[in-house]
Structure formats: structure tokens, C-alpha cells
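Okay, so here's the structure we're looking at.
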Amino acid sequence: MAPDLLEASKERRVKELPALQDAKMRKVVTRLPPEPSGYPHIGHAYAGYINWYYARKYRGRLILRFEDTNPRNVQKEYYEAFKKGYQWMEIDWDEELKVSDDMPYFYEKARELLERQEAYFCTCQADVIKEGRRAGTPCPHRQDIGDKNVAIWDKIIDGKYKEREIVCRLRVDMNHPNAVMRDPNIFRIIDYPHPFQGTQYRLWPTYDFANALEDHRNGISHILRSNEFASRDELQAYIRDLFQLPQPLIQEWSRFTIEGSPVSKRKIRPLIKSGFISGWNDIRLTTLAALRRRGIIPEAIREMTREVGLSVAQPVLDWSVLLGINRRLVDPIANRYYAVTQPSLVEISNAKPHTAKIPFHPDFKDRGTRTITIKDSVYIDGQDANRLKNGDIFRLKHGYNIQVQRKTKKAIYCSYAGDDLDQAEFRIQWVIDDSIPMELRYPDVLFIKGELNSSSLRKVEGIAEHAIREVKPGTIIQLERKGFGFIDGNGEKVNINMTE
RNA sequence: GCCCUGAUAGUGUAGCCAGGUCAAUCAUCAUGGGCUUUCGCCCCGUGGACCCGGGUUCGAAUCCCGGUCAGGGCACCA
């Protein structure tokens with residue numbers, strides 16, 4: 001369904017993404033271009049949603065394209081992880097392909113450039129090339145050596161030269177103001193088995209070369225991506241011009257981050273290694289797997305994306321923006337349960353037996369109720385217990401009122417105090433002795449001002465009402481007066497990841 | 001060092017190209033109240049911002065110049 005139709009039924013004003021430049025109905029083709037070298041995170045979801053949004057808005061096509069031309073980076077499991085991630089985001093695509101399947105095409109184009117003297121082989125070391133770029137000076141390999149470059153190409157394929165001994169460079173302009181244009185490398189040797197291509201190739205194209213041609217080959221009409229690639233636009237356009245290919249429209253935005261929650265593998269991997277976080281789906285991270293396990297729903301990420309829009313500033317979102325949207329969206333879907341931490345025993349004298357029928361959701365009575373019978377004792381939350389003073393009348397929510405007689409270390413002794421709702425000063429949730437043990441995990445930001453936050457994960461033990469047994473892992477619930485959470489495991493003990 | 005972007009409430013964002021209707025939008029947040037057998041949701045109200053300095057103009061968030069700060073690029077990563 002198109003995004004605008006999808007939102008039409010809600011009364012609430014929803015922010016939409018702006019119209020796409022030069023977009024004609026049924027002519028828009030966009031892409032999801034992940035490198036399968038890690039797990040998808042919120043940045044991928046953000047970019048993916050934008051590409052999906054415009055493809056659907058204009059009834060065009062969306063292509064899932066795995067950018068897997070560096071065999072050393074990519075792994076099979078990540079291809080699947082990305083597909084699962086996009087599916088979770090409800091981003092569907094019309095075609096799926098791998099850039100590595102187009103190697104024969106890149107080879108053909110590369111040979112053509114060598115023949116046309118538009119490219120050459122260079123045996124300078126990486127640091128020499130780098131220095132030449134900085135200084136704007138050409139190296140000796142740049143001079144025209146006729147068709148010898150084509151012969152070198154064949155030699156490399158035959159196994160001559162080792163990795164890092166030689167690269168293929170485009171002959172552009174060593175004095176170009178944009179340093180990307182100073183004879184960029186377009187092919188290099190990587191002797192490493194590719195998960196799908198095996199060892200049949202050792203000359204692999206660089207990002208710019210593969211991307212420039214691939215975008216054309218896929219019929220991409222609009223390249224929508226983050227602006228870390230901005231300075232490569234010129235080069236990619238140049239490469240397409242070399243083959244007289246049409247230029248797609250490019251729209252870029254700034255890379256998107258959430259305060260205190262890094263996305264880079266460089267920063268996260270050591271934290272996993274040291275055991276500080278449990279893995280790539282640790283609830284403090286912003287991988288899609290982590291967000292799911294924290295109780296964030298895809299629509300919240302989509303709405304957040306629309307709010308941020310195609311900004312070219314440097315958005316560093318506070319968690320509150322995502323969490324606030326999520327809370328609103330999750331409220332109607334999350335059934336309510338009672339649970340207490342630091343359980344405090346409440347003994348009720350002259351209690352009348354009472355069977356409470358508690359609705360699973362206050363706004364949707366059709367979801368039914370569970371029944372709990374109060375006998376002569378219940379457990380309440382330690383925090384509530386601390387607040388109670390002798391003489392206080394409070395209500396066991398959906399039960400009846402009780403009055404505090406005296407507090408001891410062992411228990412709070414109360415007496416039945418009627419049914420009048422108005423007489424109770426406050427209402428609290430409670431559980432009885434058939435309740436089951438639970439662990440709540442409260443996530444916080446991983447870094448505060450660049451420093452690792454040692455208390456970024458708080459675990460609290462407690463007990464939850466028996467009915468929570470029936471809730472399947474993966475369900476988002478609300479623990480009344482505690483917040484929303486995600487049932488992460490439901491065995492002997494129920495584990496709940498609190499959303500905030 | 002060089003090149004390219006950007007800067008609007010605590011956070012994000014609209015407005016800037018085509019100067020006035022901007023006493024600056026919306027979301028999130030904070031706060032007061034209402035509703036509610038939750039400290040959730042919902043409803044009503046309130047609070048908070050145009051990076052700095054010059055210039056052009058009757059008039060500048062918007063145009064020009066100069067700073068400052070931030071991000072990206074100058075990879076045999078993408």
C-alpha cells in the first residue's frame with residue numbers, strides 16, 4: 001500500500017516526506033544497497049524506508065542490491081540478516097540482486113577503458129598514491145603505454161602480481177580540486193574467497209566504479225542516500241559519462257545517529273568481545289534486532305524517519321523522540337499485566353474473599369479479563385510499600401480498599417477498608433502467591449559524553465502475575481505503572497526487556 | 001593542509017531557492033489542568049529557538065561578505 005493511503009485513516013496529522021524531484025508516476029526506481037558485512041541497524045532502516053517510500057509513492061520499483069564486491073568484508077549470514085531486517089520494517093522489494101553477479105560486465109567495461117587509455121595500472125604503494133593525490137602530482141605509471149595495460153590486466157587474472165602490488169586507476173586529473181577525481185583506483189586485487197563467487201575473481205572493482213555502473217544497469221532513476229558519498233557523486237557521474245550513460249537524480253541527506261548509541265562496528269565489536277554487551281542484539285544497541293527486542297515497533301521507526309525527513313544537517317536524535325513516538329503507537333496494542341519488584345508482603349485481616357476480574361486492556365474490553373482471587377495476603381511493590389504510612393487507605397487495583405495498621409520487617413498488616421473507590425488515596429498493582437519470578441532489564445545509553453556508561457543496563461528481579469505465563473515470547477506488553485516491555489523469554493522465569 | 005556540506009527551542013524538524021502575512025511550524029520534551037480503577041494513552045493550556053559580526057534593504061531566519069563551530073571526503077572500505 002502506498003504511504004499516503006496507509007496514513008489516510010488516522011485523524012492525527014502525520015508528517016509526510018516531501019515530493020521527490022523529477023518524479024513521474026511509475027517511472028521511479030530506487031534501491032536498497034546494503035553491504036552484507038554486518039547486521040542492519042536503524043540507519044539502514046531510515047535509508048531503506050525513504051527509498052521504499054518513494055518507490056511506492058510513485059508506484060515505481062524498489063531493488064534490493066547487495067553491494068558485495070569486497071569479498072573480505074561480506075558473509076552469507078549478513079545477506080539473510082538484511083533481508084530479515086527489511087522484512088521486519090515491512091519494506092518489500094521488487095527485485096533482488098548481488099553486485100558480484102555483474103563481474104563479467106565490470107570486466108568488459110574495465111577492458112574498454114584500458115583500451116581507450118582512460119585507465120592505467122599503477123604499481124605505486126598505497127602511501128605513495130596517497131601522497132601523490134595530496135600533492136596533485138602524477139606518478140610515472142600514468143604515461144601512455146599504449147595497449148600494454150590490457151596485457152597487464154590479463155596477467156593479473158592469470159595470477160601474476162600479488163595483492164597490493166598493483167591497482168587499476170582511472171586517468172582523470174591529478175590536479176582536480178575534488179581529490180576523489182585525482183586518478184581514483186577502480187580495481188584492486190583481493191585474493192579471498194567470496195561467499196557466492198568463490199575464487200573465480202581476484203580483481204575486484206572499487207565502490208565508485210561498481211556503483212556508478214550498477215545504478216545505471218539497474219535502471220535506478222533516483223539515488224537516495226546519505227551524504228557521506230557526496231564527494232563521490234562527481235566521480236560516479238564521470239564514469240557514467242565515459243560510457244555515455246544517462247545520469248540518475250541524486251538526493252542526499254545526512255547520516256543519522258542516536259545520542260549515546262554508536263552504530264559503528266569498530267566501536268561495538270570490542271564491547272561484545274569484552275562481554276560488556278551481550279551481542280549484536282543487546283537491547284542497548286540500535287541494530288534492528290536490538291530495537292525489536294526492546295519493544296520498539298517498525299512503525300515508530302518509520303514515523304521517526306518522516307519526522308527527521310531528508311535533512312542535510314547532522315541529526316543526533318535523543319532517544320526520547322523515538323521512545324515517545326513508540327509509546328504512543330504501542331499503547332493500544334500492549335495488554336496490561338501486574339508485576340512487582342522488591343515484593344513486600346501485605347497481610348489483610350478480616351479480608352473478604354474477592355475475585356478480581358481485570359481487563360487486559362482498559363480501552364479494549366473485548367480483549368477479555370483474567371481472574372485473580374485475593375485471599376488474606378498479597379504482594380505489593382517495595383517502592384509502594386515504602387510510601388505507605390500507618391492509617392493510609394489505598395486500593396488494590398481492581399480489588400478493594402485496605403488500610404495500613406502497622407508495618408514490620410516481615411509484612412505490612414492491613415485491614416479491609418471497604419469498596420468505595422473515592423476513599424482510596426491511591427491505587428496500586430499487586431500480585432498473589434501464585435506469581436512467577438521475573439527479571440526486568442532496563443536499557444540506557446551506552447555512552448555519555450563519549451565515556452562508556454557503566455550502568456547502561458539495570459536488571460531488577462521481581463514477580464509477575466500468573467497470567468503472564470500465557471504470553472508468547474516476542475510480545476509487547478505493559479506492566480502497569482512500570483512501563484512497556486518485550487517478553488524476551490518465558491520459561492521458569494519470565495524475562496522482560498523494558499522499553500525505556 | 002586542501003575540497004564539499006551544514007548551523008532554527010533540551011532533542012529533531014518546517015520555513016530560506018522566489019525578503020514582509022514569522023510575535024517562526026510540527027513532533028519529542030518539560031510543566032499546569034482534565035479524563036482514567038496505571039506513574040500508560042487521550043484531551044486542553046503553558047514553556048522554550050533563528051551560531052556570531054558586518055552589509056544590502058523601508059523591511060532579513062530568508063540575500064551578500066567575513067568569522068566560529070560541527071559533519072563528510074582526500075582508502076588497494078562501502
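Residue numbers begin at 1 in each chain, while the letters A, B, ... track the order of the sequences. On a predicted model such as this, the values are computed, not experimentally measured, just so you know.
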So, using side chain to side chain contact (heavy atoms under 4.5 Å, CB included) as the criterion, who are the partners of [X] when residues are at least two apart?
X      : answer
A:P138 : A:R142, A:M174
A:F394 : A:L388, A:L396, A:I402, A:V404, A:C414, A:F426, A:I428
A:R427 : A:R395, A:K397, A:L421
A:A210 : A:T69, A:V99, A:F106, A:P205

A:C168 side chain near A:N149 side chain, heavy-atom distance below 4.5 Å: no

Protein-nucleotides 60-68 of chain B N/O pairs under 3.5 Å:
none

Rounded interatomic separation in angstrom, taking [atom1] from [X] and [atom2] from [N]:
X      : N     : atom1 : atom2 : result
A:Q251 : B:U5  : CD    : C1'   : 14 Å
A:Q314 : B:C51 : CD    : C1'   : 13 Å
A:E307 : B:U11 : CD    : C1'   : 12 Å
A:F426 : B:G40 : CZ    : P     : 17 Å
A:M181 : B:C3  : CE    : P     : 17 Å
A:M304 : B:A27 : CE    : P     : 17 Å
A:L310 : B:G6  : CG    : C1'   : 15 Å
A:I333 : B:C41 : CD1   : P     : 14 Å

Please state the [atom1] separation for the pair [N] and [M] - nearest whole angstrom.
N     : M     : atom1 : value
B:U57 : B:C4  : P     : 30 Å
B:C17 : B:C39 : C1'   : 48 Å
B:G71 : B:U8  : P     : 14 Å
B:C64 : B:U56 : P     : 15 Å
B:G15 : B:C22 : C1'   : 8 Å
B:U13 : B:G59 : P     : 32 Å
B:U46 : B:G66 : C1'   : 41 Å
B:A14 : B:U25 : P     : 15 Å

Residues forming a ring-ring contact (aromatic ring centres under 6.0 Å, His included) with A:H44, sequence neighbours excluded: A:H41, A:F82

Among B:U11, B:A27, B:U13, the nucleotide that comes nearest once only the side chain of A:P315 is considered: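 My answer, after comparing the listed nucleotides, is B:U13.
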
Neighbour count >12 (heavy atoms, 6.0 Å) for atom NZ, A:K389: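 No, the 6.0 Å shell around NZ holds no more than 12 heavy atoms from other groups.
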
All side-chain hydrogen bond (donor to acceptor under 3.5 Å, both in side chains) counterparts of A:R188, not counting sequence neighbours: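 Scan of A:R188 (side-chain hydrogen bond (donor to acceptor under 3.5 Å, both in side chains), adjacent residues dropped) gives none.
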
Sugar-phosphate, base or nothing in reach of A:V330, heavy atoms under 4.0 Å: nothing

Watson-Crick or G-U stems of RNA chain B, 3 or more pairs, under 3.5 Å, by first number: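 RNA chain B forms these stems: B:1-7 with B:68-74, B:10-12 with B:26-28, B:29-34 with B:42-47, B:51-55 with B:63-67.
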
Lys NZ or Arg CZ of A:R481 over A:W430 ring: under 6.0 Å, within 45°: no

Cation-pi check, A:R367 onto A:F360 ring (under 6.0 Å, within 45° of axis):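 Output no; distance or angle outside limits.
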
Donor-acceptor pair, side chain of A:Y79 and main chain of A:V74, under 3.5 angstrom: no

From CG (A:N453) to CG (A:L446), nearest 0.5 Å: 7.5 Å

Salt bridge (Lys or Arg N to Asp or Glu O under 4.0 Å): pairs with one or both residues in residues 153-162 of chain A, sequence neighbours excluded: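 Non-adjacent pairs meeting salt bridge (Lys or Arg N to Asp or Glu O under 4.0 Å): A:R111-A:D154.
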
Nucleic acid footprint by protein, nucleotides 72-78 of chain B - heavy-atom cut-off 4.0 Å, B for base, S for sugar-phosphate alone: SSSSBSB

Nucleotide-resolved protein contact map, nucleotides 29-39 of chain B, B/S/- at heavy-atom distance under 4.0 Å: S-------BBB

Ionic contact status for A:E214 with A:K98, cut-off 4.0 Å: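 Salt bridge absent between A:K98 and A:E214.
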
Side-chain donor-acceptor contacts of residues 129-137 of chain A below 3.5 Å, not counting sequence neighbours, with atom names and distances?
| from | atom 1 | to | atom 2 | distance (Å) |
| --- | --- | --- | --- | --- |
| A:R133 | NE | A:R182 | O | 2.9 |
| A:R133 | NH2 | A:D183 | O | 3.0 |
| A:R133 | NH2 | A:N185 | OD1 | 2.9 |

